[in-house]
Every structure is written in structure tokens, then in C-alpha cells.
Amino acid sequence: MATARPVRGTHDLFGETIRRHRHVIETGRAASALYGYEEIATPVFEFTDVFLRTLGDTSDVVTKEMYTFEDRGGESLTLRPENTAGVARAAISNGLLQSLPLKFFYAGPMFRYERPQKGRMRQFHQIGIELIGAPEPQGDVEVIAAGAMILERLGVAEHVTLELNTLGDPASRQAYREELVRYLEGYRDRLSEDSLARLGRNPMRILDSKDEGDRKVVEGAPRLEESLNEASRDFFKAVREGLDELGLAYRLNPRLVRGLDYYTHTAFEFTTDQLGAQGAVIAGGRYDGLVEEIGGPSTPGVGWAAGVERLALLAGREEARVRPVAIVPIGPAAEQAARLLAAELRAAGIAVELAFKGKPGQRMKRADRAAARFALSLGDDELASGVVKLRDLDSGEEQVLPRTELVRRLAG
RNA sequence: GCGGGCGUAGCUCAGUUGGUUAGAGCGCCAGGUUGUGGCCCUGGAGGCCGCCGGUUCAAGUCCGGUCGCUCGCCCCA
């Protein structure tokens, strides 16, 4: 039955899983709204060029992880591997850059062709926020604070550490990159195979290597900090002071670098040690060159993306589902009355579970499995006197109520 | 893309040195109880033992391959 299985790296979400998933998204949406971020939904596919230009043609995401295809009109399209480029593109397309800053929240599926692992899927979900058009370091601080609030509200803050670094402005970053490569070239024979490959492509990644030999070499490497020009230093200082002001604790991590090319200045990650190898739950930074790269006016930006699956895994707890009221008709005469009662209660905003068939005992069992809060039974006696029997399924207590009082009783 | 572990019922797992009709618990369905759930008792449904090939009188069990899951590397959310 090869066709009845999901594609590798994809998952069906239902039951408890999707309840947790939704809880993460709703928590993110609510917290972002408190900071004035409005939701945006961009298409799940874009012209391939949007990602090629922004992610850097040497990043792994672009070189081997994109789902790229040609549509019937011959256009090269790509399923979005992340949403920042799409949001920036949308801001340009819709002329939104006239009025800055823009604050956006998004949630949705992303696609990367990777080897699946815990917390790493081929179709996965992210929430994220983007602050476009704010060059001030206070923008970085706000974005980080909003992320921290979400983690707080999800109850995972104590398992998560904020790591912080700066990549400096493009000039500083470029200068450092050259200096680093010059140093590493001298140790070619001591670097791991992986790192040799990174040397030409993304040398700063080597700082982050887990290989023992690489780490020894890296210990003596020039430090990014020393390549920062004054403007970059001042910017980072202001970000740190802003975080201190809000009491947001962080750990400076000079090895924290970014896989995607558009990042400048602040880079940050909220990481956990509870998810195995995939420890980053929120990651982001400043991307001052991005909008211009896609053909817009030079416009700064800062934002982050969070992995919904990872946060759901970390938050772990059971998400309550809606507890309906179950209606149990007894005898053929009550069937129609039950349907009408169900319609009336639902119209009043009360969730109702009404089975299509079954003896009273079976329907009670079904009510129990639907996690119903109350069971309403009505048979010939109740019909005759215009009442229903209300049973509290948690306590087992029963009372008889006039039908006319039901909505008030259940809504309260 | 590279390495390790694992594939038996919807789920969690037994299955002896290869040996008859492949088991348990949970879950599901029905009955015990024709106006009442949870607990209990009884019965039932549900398996290409991941797939293909090989060894053998005989394979869930051994061997090879393959696919999938999983953990790590890589990458990243």
C-alpha cells in the first residue's frame, strides 16, 4: 500500500498533536498582537528567485534543500523554506514600505528536503515575526522580548536560554570573514572534512563545529569582536542595554552564526538542551540588506522564526479539548426532540454531541468518550412534562430542569 | 549526503536451539444491563510477522538486498 503512506518527513496532525500545535500558534499570535504585530499570510510558493537572491547561493538550504519545480507555464517556483523572504517580498509587492515600520506575525508550513530527525521534518511549521523599517537597536530588543514572552506563556522559559551575538554590519562582517579564512587556511591539515568544505562556502560556520579537532583550531582563531567597527560595536551595546533594561537574561555566544546570508548585526537563538540535536526553538536576527536584495528600497529589518513542532514538543503538556454536552434520547419519540434541542443549544453557542443511533447505555458510553461535561437525557416522561434530566458526568449528580432554563444553566 | 539502532494487531510489546492453526495487555465492537457512562464479567472483530530474494524438509526466527522509522553527523526552526 505504497500510496496510503505519508511522504517521508511529513506528518498528519490530529488529536492531541494538533491541539498542542494550535496552542503554540495561538500563543504566538496573541503575544505578538500585544506588541502590535499584525498577521500576514504569504503564498507557500514563490518564484525561485526570491529565495536564491536572499538566502545566498552557497547556503545548504538553497543548494540542496529546496523543493523547486517548474510549473506548467515554465516558471521556476519553490516551496518556501522559510518565510522572511516572502514577507519582505509581500511588503514590496503591496507598496507597504511607504509607511514604516511594519510589524508582521505569520504562521504556516515550510518545506526543506532534509534527512528527517526528531524536531526536523520536510514539511514543518513555523511562527515568526518581522519588524521591517526600524533601524534602531530597540527594534531588536522588542523582537526578542516578544519571543521571550511567547516562551514564558508556553511555560517553557525555564528550559530555554537566550544566546546572543553580533555579526556586525556588512563591512565588519566581510572584514572578519576574510581574516578568518586567512587564519584557517593555515590549518587546512587539521580541519575536519566537513569544515574544509565549509571553508569556501560558509567559513563562519566552522566556529560552530562540534568536531574536536576543529574546536582546537578555532580556539586560536581571530575573534569577530575585534573586527567590529565602531558603529557595529555601539549598535550591539545598545541592544544589550535594552535587554538588561527589561531584565531579559542572555548568554553571549561568539560562535553563534547564521546559515542564511541576509543576516547582519544581532543574531540570537533561544535554545534548549531537551530536544536532542535540534536545540534551537526560536532563531533570528537583523537583516538590513534583505529588502534591497529583492529589489525594494534599502530598508532594515529584524525578526525571528520559531519551530512549532519543537515548541509543541517542549511544552509537552496536554491540551484540553472542548467538552460538549451530550444529548441522550430514550425511545423513538425522543429522537426528533433531541435533534431540535441540539440545534437550539448549538445556536446558543453550546457544543453538543448527539449520536446518530444506539441504546441509552451505548450513548452514555459515547458521551463519556467524547469527554462530555454533561449528559442530557430525555424520554417519554420528560417530553410529557417539558423537562430534561441533566447529569453531571464528573460528579454523577442528576437534576431535572425545565427545557426553558437549559441554555441559561449550561451557558453559565 | 554519511554512520548506529529498530521494523510482529490501531497502540505498547512477547514469540524458546528455525518446527503444527502467531500471542498478551491496552484500545475497538457486541452482550451481561430493552431509561443511563466510568468499574467488573463474557464473547467478537482485527495480522501479506515492512517488502523482495536466498538458505532449509520447514523461516516471524538465519543470510543478502530494499523501503520505512529512529538516534547522531551535517544543516537548521
Side-chain angles (χ1 to χ4, degrees), chain A residues 1-2 5-9 11 15 24 28 55 58-65 81-84 107-128 147 192-195 197-198 201-202 205-206 208-211 214 256-260 268-272 275-284 303-314 326-334 353 355 358-383 389-396 398:
Chain A
M1 284 274 278
R5 66 181 167 83
V7 172
R8 186 160 147 85
H11 285 296
V24 170
L55 300 180
T58 57
S59 75
D60 276 30
V61 169
V62 166
T63 53
K64 39 190 191 198
E65 296 179 0
E82 56 90 49
N83 207 179
T84 300
M110 309 293 159
F111 308 85
R112 292 181 197 176
Y113 188 85
E114 295 185 279
R115 182 89 175 249
Q117 231 179 340
K118 183 180 183 182
R120 187 172 84 181
M121 274 76 68
R122 289 184 175 179
Q123 175 175 335
F124 61 105
H125 298 78
Q126 289 187 330
I127 57 175
S192 67
E193 204 175 315
D194 279 331
S195 285
R198 284 186 280 222
R201 201 157 36 91
N202 197 351
R205 270 278 162 203
I206 297 174
D208 209 19
S209 177
K210 288 172 189 167
D211 181 88
D214 289 348
L256 177 62
V257 292
R258 291 272 76 118
L260 308 182
F268 59 89
E269 268 176 30
F270 288 92
T271 61
T272 181
L275 293 180
Q278 314 301 323
V281 291
I282 294 184
W304 52 251
V308 174
E309 284 85 354
R310 290 181 189 180
L311 285 174
L313 233 41
L314 196 58
I327 300 180
V328 178
I330 300 158
E353 175 73 20
K359 296 184 293 190
Q362 294 171 308
R363 300 212 205 198
M364 286 300 289
K365 212 171 272 183
R366 192 175 291 269
D368 201 54
R369 267 185 282 121
R373 179 73 185 81
F374 297 101
L376 293 177
S377 53
L378 65 166
D380 295 341
D381 299 348
E382 289 82 4
L383 284 177
K389 202 182 275 179
L390 175 87
R391 183 183 177 93
D392 184 319
L393 290 176
D394 291 343
S395 68
E398 257 182 10

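None of the values given here were measured: they were computed from a predicted structure. Protein chains get the first letters and strands the later ones, always in sequence-line order, with residue 1 at the start of each.
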Could you measure between the two C1' atoms, the one in B:rU70 and the one in B:rC57, and give it in whole Å? 39 Å
Between P on B:rC74 and CG on A:Asp208, what's the gap in Å once rounded to a whole number? 9 Å
Listed nucleotide nearest any side-chain atom of A:Asp368, set B:rG35, B:rG38, B:rC75: B:rG38
Looking at every strand, decide which applies to A:Asp394 at a 4.0 Å heavy-atom threshold: base, sugar-phosphate, or nothing. base
What's the closest nucleotide to the side chain of A:Ala283 if the choices are B:rA77, B:rC71, B:rG35? B:rA77
Check: A:Arg112 side chain, A:Pro81 main-chain N or O, donor-acceptor pair, under 3.5 Å: yes
Using the C1' atom as the point on both nucleotides, what is the distance between B:rU33 and B:rU42, in whole Å? 13 Å
Working to the nearest 0.5 Å, report the span between CZ of A:Arg205 and CZ of A:Arg198. 8.0 Å
Shortest side-chain distance from A:Arg198, nucleotide among B:rC75, B:rA77, B:rG35: B:rC75
Mind checking the C1' distance from B:rA9 to B:rU66? Whole angstroms is fine. 24 Å
Taking only the C1' atom of each, what is the distance from B:rG60 to B:rU16 in whole angstrom? 13 Å
Just how far, in rounded Å, is C1' of B:rC74 from CD1 of A:Ile206? 13 Å
Can you tell which of B:rG35, B:rG31, B:rG37 lies closest to the side chain of A:Pro360? B:rG35
Short side-chain to backbone donor-acceptor contact, A:Arg120 and A:Arg115, under 3.5 Å: yes
Does A:Arg363 reach the main-chain N or O of A:Ala355 with its side chain, forming a donor-acceptor pair under 3.5 Å? yes
Nearest 0.5 angstrom please: A:Tyr113 OH to A:Gln123 CD, how far? 15.5 Å
Under 3.5 Å for both distances, Watson-Crick or G-U wobble, that's the pair rule; now give the dot-bracket for RNA chain B, with | marking pairs to another strand and [ ] for crossing ones. (((((((..((((.....[...)))).(((((.......))))).....(((((..]....))))))))))))....
Using atom CZ of A:Phe268 as one end and atom P of B:rA77 as the other, report the distance to the nearest whole Å. 11 Å
Let me know the distance between NE2 of A:His11 and P of B:rU70, rounded to the nearest Å. 5 Å
Tell me which of A:Pro116 and A:Gly279 sits closer to the 5' end of RNA chain B, going by the nucleotide each one is nearest to. A:Pro116
Under 4.0 Å: is that the gap between some side-chain N or O of A:Arg369 and OP1 or OP2 of B:rC29? yes
Quick one: A:Gln362 CD to B:rU34 C1', roughly how many Å, whole number? 11 Å
Minimum-distance nucleotide to A:Arg120 side chain [options: B:rG1, B:rU70, B:rG38]: B:rG1
Mind checking what makes side chain to side chain donor-acceptor pair (under 3.5 Å) contact with A:Glu269, not counting sequence neighbours? A:Arg258
Using the P atom in both, what is the distance from B:rC2 to B:rG10, to the nearest Å? 33 Å
A:Asp211 vs A:Ser192, side chain to side chain donor-acceptor pair (under 3.5 Å): CA-CA, chis, key distance, verdict: CA-CA 7 Å; A:Asp211 181 88; A:Ser192 67; 4.6 Å; no
Could you work out which one of B:rC73, B:rG35, B:rG32 sits closest to the side chain of A:Lys210? B:rC73
Once hydrogens and angles are ignored, does a donor-acceptor distance under 3.5 Å link the base of B:rC74 to the side chain of A:Arg205? no
Which part of the nucleic acid, if any, lies within contact of A:Gly331, taking any heavy atom under 4.0 Å across all strands shown: a base, the sugar-phosphate backbone alone, or nothing? nothing
Test your reading of the model: is there a side-chain donor-acceptor pair from A:Arg310 to the backbone of A:Val281, 3.5 Å cut-off? no
Has the side chain of A:Glu382 got a donor or acceptor atom sitting under 3.5 Å from an opposite partner on the base of B:rG35? yes
With a 4.0 Å cut-off, would you call A:Lys365 and A:Asp368 a salt bridge? no
For A:Gly119, which contact category applies under a 4.0 Å heavy-atom criterion: base, sugar-phosphate, or nothing? base
Looking only at side-chain atoms of A:Ser377, point me to the closest of B:rA77, B:rC73, B:rU36. B:rU36
Give a yes or no answer on whether the side chain of A:Arg373 reaches the backbone of A:Asp392 with a donor-acceptor pair at less than 3.5 Å. no
Minimum-distance nucleotide to A:Arg115 side chain [options: B:rC74, B:rC76, B:rG3]: B:rG3
Comparing nearest nucleotides in RNA chain B, the 5'-proximal residue of the pair A:Ala306, A:Asp194 is A:Asp194
Between B:rG18 and B:rU55 - C1' atom distance, rounded Å: 11 Å
Determine the Euclidean distance between corresponding C1' atoms of B:rA24 and B:rG15; express it in Å to zero decimal places. 10 Å
Base, sugar-phosphate or nothing for A:Lys389? Non-hydrogen atoms, less than 4.0 Å. base
B:rG53 and B:rA59: how far apart are their C1' atoms, nearest whole angstrom? 13 Å
Need one value for A:Val328: base, sugar-phosphate or nothing, where a base atom within 4.0 Å counts as base even if backbone is also close, heavy atoms only. nothing
Could you please name the option among B:rC75, B:rG37, B:rC73 that lies closest to any side-chain atom of A:Glu65? B:rC75
Choose from B:rG31, B:rC71, B:rG35 the nucleotide whose nearest atom is closest to any side-chain atom of A:Lys359. B:rG31
How close or far is atom C1' of B:rC76 from atom CD of A:Gln117, stated in whole angstroms? 10 Å
Whole-Å distance separating the NZ atom of A:Lys365 from the C1' atom of B:rG27: 13 Å
Scan A:Ile127 against the nucleic acid and name what it touches under 4.0 Å (heavy atoms): base, sugar-phosphate only, or nothing. nothing
When rounded to whole Å, the CG to C1' distance for the pair A:Asp211 and B:rG72 reads 14 Å
What is the minimum heavy-atom distance between A:Ile206 and A:Ser195, and which atoms define it? CD1-O, 3.3 Å
Give A:Glu193 one of three labels, base, sugar-phosphate or nothing, depending on what nucleic acid heavy atoms sit under 4.0 Å from its own. nothing
